[in-house]
Amino acid sequence: TNCAGVVSLNGPRSIFEAKRYGYVEIHLREMIEKRGLTRNQVATLSNTRFQIIDRWCKGQVERIDADLLARLCYVLDCELEDIIQYRRDD
């Protein structure tokens, strides 16, 4: 923020300046396998369409749904970090 209270879009941590800012890894498939469940079982238990679970298992996630993540953590009895992780691209 500058003196006038305007946020600079070109600050030291701005994605407009960064070439590589990292990525998000999805580990849902691994957690499902670890629990001995199928994608269909997880879809049913989490009240989610199979296609959504299938896309997450394939890493084809366009938007992160916080409610879905909460349901998956509950069904799989795990922590958020077990399903999704941020990796810096250093």
Side-chain angles (χ1 to χ4, degrees):
T1 306
N2 66 19
C3 294
V6 177
V7 176
S8 170
L9 298 179
N10 296 317
R13 302 279 299 174
S14 170
I15 63 168
F16 297 104
E17 292 294 317
K19 299 277 191 261
R20 299 181 307 200
Y21 51 85
Y23 55 97
V24 173
E25 288 182 340
I26 306 292
H27 299 284
L28 182 58
R29 181 177 44 86
E30 294 90 336
M31 282 306 302
I32 290 173
E33 290 172 1
K34 186 175 181 179
R35 296 295 188 246
L37 297 170
T38 66
R39 288 176 288 172
N40 194 43
Q41 287 172 315
V42 171
T44 300
L45 292 168
S46 64
N47 193 30
T48 306
R49 292 180 323 166
F50 175 82
Q51 292 83 355
I52 304 272
I53 298 299
D54 189 52
R55 278 191 231 132
W56 276 64
C57 286
K58 293 176 180 175
Q60 299 171 345
V61 178
E62 294 178 16
R63 289 188 171 84
I64 303 297
D65 181 338
D67 184 62
L68 174 58
L69 279 171
R71 287 182 279 152
L72 291 172
C73 287
Y74 178 80
V75 167
L76 297 170
D77 190 27
C78 67
E79 299 298 321
L80 185 62
E81 298 83 21
D82 296 324
I83 296 175
I84 187 169
Q85 295 179 338
Y86 169 71
R87 299 283 187 211
R88 290 188 186 275
D89 198 12
D90 295 325

For F50, which fellow cluster members are found when Ile, Leu, Val, Met, Phe, Trp and Tyr are connected by side-chain heavy-atom distances below 4.5 angstrom, either directly or through intermediates?
none
From I52 CD1 over to L68 CG, what is the distance, rounded to the nearest 0.5 angstrom?
7.5 Å
Residue that, paired with L72, satisfies side chain to side chain contact (heavy atoms under 4.5 Å, CB included) out of I83, D65, D82:
I83
Cluster check Y74, L69: I/L/V/M/F/W/Y, side chain < 4.5 angstrom:
no
Could you state the interatomic distance from CG (L37) to CG (L45), rounded to the nearest 0.5 Å?
7.0 Å
Side-chain polar contacts of residues 27-34 - donor-acceptor pairs under 3.5 angstrom, sequence neighbours left out - could you list them?
residue, atom, partner, partner atom, Å
H27, NE2, E25, OE1, 3.0
H27, NE2, Q85, OE1, 3.4

Atom CG of N47: over 12 foreign heavy atoms under 6.0 Å
no
State whether the side chain of R35 and the backbone N or O of D77 hold a donor-acceptor pair below 3.5 Å, judged by distance alone.
yes
In this structure, would I84 and V75 fall into the same cluster of hydrophobic residues linked by side-chain contacts under 4.5 Å?
no
Could you tabulate the donor-acceptor pairs under 3.5 Å formed by side-chain atoms of residues 54-64, not counting sequence neighbours?
residue, atom, partner, partner atom, Å
D54, OD1, R39, NH1, 2.2
D54, OD2, K58, NZ, 3.0

